[in-house]
Structure formats: structure tokens, C-alpha cells
Amino acid sequence: MTTHRAPLNLLLGGGLVVLLLASAALSLVWTPYAYDAIDIAARLDPPSARHWLGTDPFGRDVLSRILVGARMSIAVGFVAVGVGLLAGVALGGLAAARRGWVDELVMGSSDVVFAFPAILSALLITVTLGPGVVNAVLAIGIFNIPVFARVTRRAALGIWAMDYARAAAALGQGGLAVTWRHVLPNVAPLLIVQASVQFAIAILAEAALSYLGLGAQPPIPSWGRMLYDAQTLLALQPTLALFPGLAIMLAVLGLNLLGDGLADRLDPRLRAVRLV
Amino acid sequence: MLTLLGRRLIGALLALLLASLIVFVVLEVLPGDAAQLMLGINADPAALAALRAELGLDRPAPARFLLWLAELLQGELGRSHTNARPVAALIGERLGVTVPLALFAFLLSTNLAVPLGFLAALRRDRAGDVVVMALSQLGLAVPEFWLGLLLILLFAVSLGWLPAGGFPGWQGGVGGALAALLLPAVTLGLNQAAILARVARRAAITALAADHVRTARAKGLSEPRVILGHVLRNTLATLLALMGLQLAFLLAGVIVVENLFYLPGLGRLLLQAVTQRDVVVVRDLVLLFVFVAIALNFLVDVLVAVIDPRPRATA
């Protein structure tokens, strides 16, 4: 990657991510209207000075709902990435430290989980436990495990081949100690970059699941669900379909750019693994 | 080479086995059992017992798993609870929508993304590159169902050029069917195209820097021959490997896109089965999606091994 574009990635991405976090934080203390305040007289209003982004078929303020919806996206992203990061780094670190059959087992299982994209496992979980945001987070988080396991393993194998790691092992330090002292600190930058990308993917997945009715249930606002509700009113009030999608796009764009920018900044050779 | 393929085949078969076990276990840990789930909490005990016997739920779980596997190996799928039809027949009717849709999306995204990625590599750091990479960033960030809504708004609601949804069937003419699949295919292929363009650019940059490309240029080969004969060939393995991994997501994307455009395909069937709690249909369909992803991945592995016989680093 060229260096002259790196600051732009980082600035734009960082700015959008701050905007996302600030929207969610702001919604905790203030929204223009209560997100569930029904006002039938003002239903399906176009954007105006009273309702900046218009109102939905119940007369609820779209801007307020988008601000509150940011909380859902952030919460799902944090938990899903956290689950994947904790379990994935442990498994990937173990695979690299032990090699042999442990490695084969971890990599083989991760191949299988890769064949279950979040939407598919969410459908499977939903038929047993019913729809809900917890199931959505679970499905997205499980899929993140093999992603982080692979990234960690590949990078850790590189560190294990280094002289200092081999020396530490030769001096009698166990696999866990070497992993903790030498491998993880060196893998950390890559994990940060990958976490940023997975956060973006989690937001997209949560939106898709909510759109299918498998995520957050009404009246809790979620961007994907707002788009689902907007679809039947597409001809009547197209702006309803515009703003929630724009919110998703800006959040995802920000996280992706931040990931790219961080990768360039931390180590130009870093590259996040990306399938979705 | 053959041992590599043998190992991959065994790996794929093990993955299939493990995947079916996962599906079975997830559906097995339900509160109550499948019969209870389908008939509801207030079901008539006699009806419950009858359905349990029909589904074989009176047998222990390991026996049921083995029985299910044996049936699958004979190509026998279950029977839908909601309309009592064999799942195989339900799938058969819908393949004519889902397979063309996935292929259409795949062709669109590949034919768009690979040339654009190569163009960006050849114009590295110049305007063309910046534009292609910016478009790819946008393509990565746009949720597919939102893109679908915007396309419907523009091409169906405002302009009226294309249908907003539904599928006329192939018997009514290929033109009408393809027109109905165009917006869904664009929607489905966009994310894939965005990633593919990035990877194609990176692979082409690496390939362009290779010595043999310099030699090819030095001996006076025309630029198209250099690109097709030397650069494309050397990026093919990388691109194919990525496409193989992406296929599972393309299939999952079908679930969203078919519901967005009201297309009577496998994805819509699956979501309907989930809302109707038709456990047998969900079980068989999820397994079908996973099987196809694993099988296609295996085929891609074989193809990549044929194109690039150097043993791959286990990445």
C-alpha cells in the first residue's frame, strides 16, 4: 500500500467510527424524540425541520431511532468480535504452539465452521430457540472464531520460527509462556486490524439478520429491521429506506477504512483476511 | 499430487460428516423435541405421539443420527411437515431459480471485478486505481439488502424498466426470467465483486513485479499478451481459491436476496421453513447449503492444485 493514502484512510475511518460511537453515546442521554413515541398525526412525514429525517408509519422520529439503533450495532459488534477474539486467539495460539494433530484438528474444524456463514447458523439456531438478538450475536460470534484462529495461527507460526522464540523454548519456557510473552505481543497489531474488519462484518451480518426478522425484535430499533419495515412503503415514502441503510454503510465503511489505515500505520505488510 | 488430492478428499468427507453432526446436535438440543416444536405447546398428546413415531423420535439420538446419515447416503431426504411433500421435490422445484441466480451473480461479479482489479494494478496509484479502490470500499460497505431496495426504487418504482420482484418461470421465455433475475444478481454479486477486485489488484501487482513478466516485456511481447499469458495465469490460483471460499457466502446471500425480491428459490424456502418451524426442511436445507459449500471448495482445491502444482503452504 502506498503511504500517502494511509493518513486519509485513518482519518476518514477514525472520524466515521467516532461518529458511530458518539451517536450511540448521545442516544443514551438525548434524542430529539423518544424512539418509541408514537405520533399518528405526523406519520410518514418527509424530512422537515421538526423531524430531520422524517417519521415512520407510526409517526416515530427516524433520527431518534437511528441514533438508538447505533447502540444495537455496537453491542452486537463488541460481543461477536469479543467471542471470536477470545476463543479464536486461544485456539490459534494453541495450534501454533502444539502443531501436529492439535493443529490439524483446529484447522479442520475451522474449515467446517467456515461452511456455516452467520445467516445459516442463525437460521439453524432460530428454529430451535426462536428469533432474538442473542441468537444473532451467537451465530456471528461463532463464525468469528475460525477467522481469528486462522489469523492468529498463521502469524504465530511465523513468530515461533524466530530465533528469540526458539531460544526461549530451548531455555525451557513452556508453550504457554512463549505464546504469552513473545507470540501474542507480536500478533497483537494484526489482531487489532482484523478485529476492526470483523466488527464491520458483524454490523453487516446483524443488519441482514434483523432484516430477515431474526435479530432484534420490535419495538427495539435496529437498522436492519427499519429497512425491512421500509420495504413495503418503498413507493410511498422512499426516504424511510434511505437513512438506515446510509447509517449501516457509513459505520461499515468507517470500520473498514480504520482497519486498512491501522494496517498501513502499524506494519505495511499487514493485511486482514477478508472473505465477506 | 495424488496424495494431496487424497488428503483433501478425506478432509472434505470428514468436514461433511462433522457438519451433519453439528446440524443434528443443534436441532437435538432444542427445548422439547422436533414434534413438540412443530405442533406447539398445546398439542394433542395422541398427535404428538404419532408425529414422534413418524419422525423416529422414540429411538435414541445416536441411532437416529446414523439412520439419518444412512438415508442421506441413499439420497433420501425427509418430508416437509407443513405440506407433507418430500423435501427433495421442494428442492427440485426451486433449483431452477437459485442455481441460475447464483451463477448469474458469480458471472457478473467475476467479469466486473477481475478486469477492474487488473486495471487498478496497471494504473497503480494513478487516478484509475484510486477510483477502482474507492468503489471497492463502497461496495464492501453497502449492505446487499439496502442496495437491492435502492435498485428496486430506481429501476422498478421510478423507471419501471425491470420487475420489483417475483419470478415468471422459465417456461414463459428466457428473456422474462433473466430480467427478473438481473437486479437480484447485481445485488447478490456486489460484495463479492468488491472483495475480488481488491484481491485481483494485489495479486496482479505481485505478478507484474515477477522476473518472467519483465522478460516477456523485454522480448517485445504485446501488453495484452503479457497480461493474459503471464499475469492472469499467475493470479488464477489465488483468485480461484478466494472464489471457492466465497461460494458459501454467495449461497448464504441467496437467503437474503430471494426474500428481498420474492423469488421462489431455496433461500426463501429455508426462511419460510424457519418461520413455520418445519424442522425437517430446515435440517435438510441447511445441510444442503453446507454440503454444496464444502463440495465446491473441494473442487476448487483440486482445480487450484492442477493450475499451480507447487504444494501450497498450509495457510
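No experiment lies behind these values; they were computed from the predicted model shown. Residue numbers start from 1 in every chain, and the chains themselves are labelled A, B, ... in the order their sequence lines are given, proteins ahead of strands.
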Where is the tightest heavy-atom contact between [X] and [Y], given as atom of each residue plus distance?
X: A:Thr128; Y: B:Arg277; answer: O-NH2, 4.2 Å
X: B:Ala252; Y: A:Ile119; answer: O-CD1, 4.2 Å
X: B:Ala141; Y: A:Val252; answer: CA-CG1, 3.5 Å

Are any of the side-chain heavy atoms of [X] and [Y] separated by less than 4.5 Å?
X: A:Asp111; Y: B:Leu18; answer: no
X: A:Val127; Y: B:Val26; answer: no
X: B:Leu149; Y: A:Leu242; answer: no
X: A:Leu212; Y: B:Val256; answer: yes

Return the [atom1] to [atom2] distance between [X] and [Y], rounded to the nearest 0.5 Å.
X: B:Leu285; Y: A:Leu124; atom1: CG; atom2: CG; answer: 11.5 Å
X: A:Phe114; Y: B:Ile294; atom1: CZ; atom2: CD1; answer: 12.5 Å
X: A:Gln231; Y: B:Leu260; atom1: CD; atom2: CG; answer: 5.0 Å
X: A:Asp260; Y: B:Arg198; atom1: CG; atom2: CZ; answer: 4.5 Å

| Do B:Leu270 and A:Leu120 pass the side-chain contact (heavy atoms from CB on, under 4.5 Å) test, and can you show the C-alpha distance, the side-chain angles, and the key distance before you say yes or no? | CA-CA 9 Å; B:Leu270 178 56; A:Leu120 213 53; 3.8 Å; yes
| query | With a cut-off of 6.0 Å (strictly less than), are more than 12 heavy atoms of other residues, nucleotides or ligands near CZ of B:Phe298? | reply |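 Above 12, so yes.
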Would you mind telling me which of [options] has the largest number of heavy-atom pairs within less than 4.5 Å of chain A?
options: B:Val286, B:Asp278, B:Asn297, B:Val157; answer: B:Val286
options: B:Ala293, B:Ala194, B:Pro143; answer: B:Pro143
options: B:Val290, B:Val23, B:Leu138; answer: B:Val290

| According to the interplanar angle, ranging from 0 to 90°, do the rings of A:Phe143 and B:Phe249 count as parallel (below 30°), tilted (30 to 60°) or perpendicular (above 60°)? | perpendicular
Part of [X] lying under 4.5 Å from any heavy atom of chain B:
X: A:Ala208; value: both
X: A:Leu214; value: side chain
X: A:Leu246; value: both

| said: Donor-acceptor check, side chain of B:Gln137 to backbone of A:Leu257, threshold 3.5 angstrom: yes or no? | reply: no
| field | B:Trp146 side-chain N/O to A:Gly224 backbone N/O, donor-acceptor pair under 3.5 Å | value | no
| note | Most heavy-atom pairs under 4.5 Å with chain B, out of A:Leu123, A:Asn256, A:Leu255, belong to A:Leu123
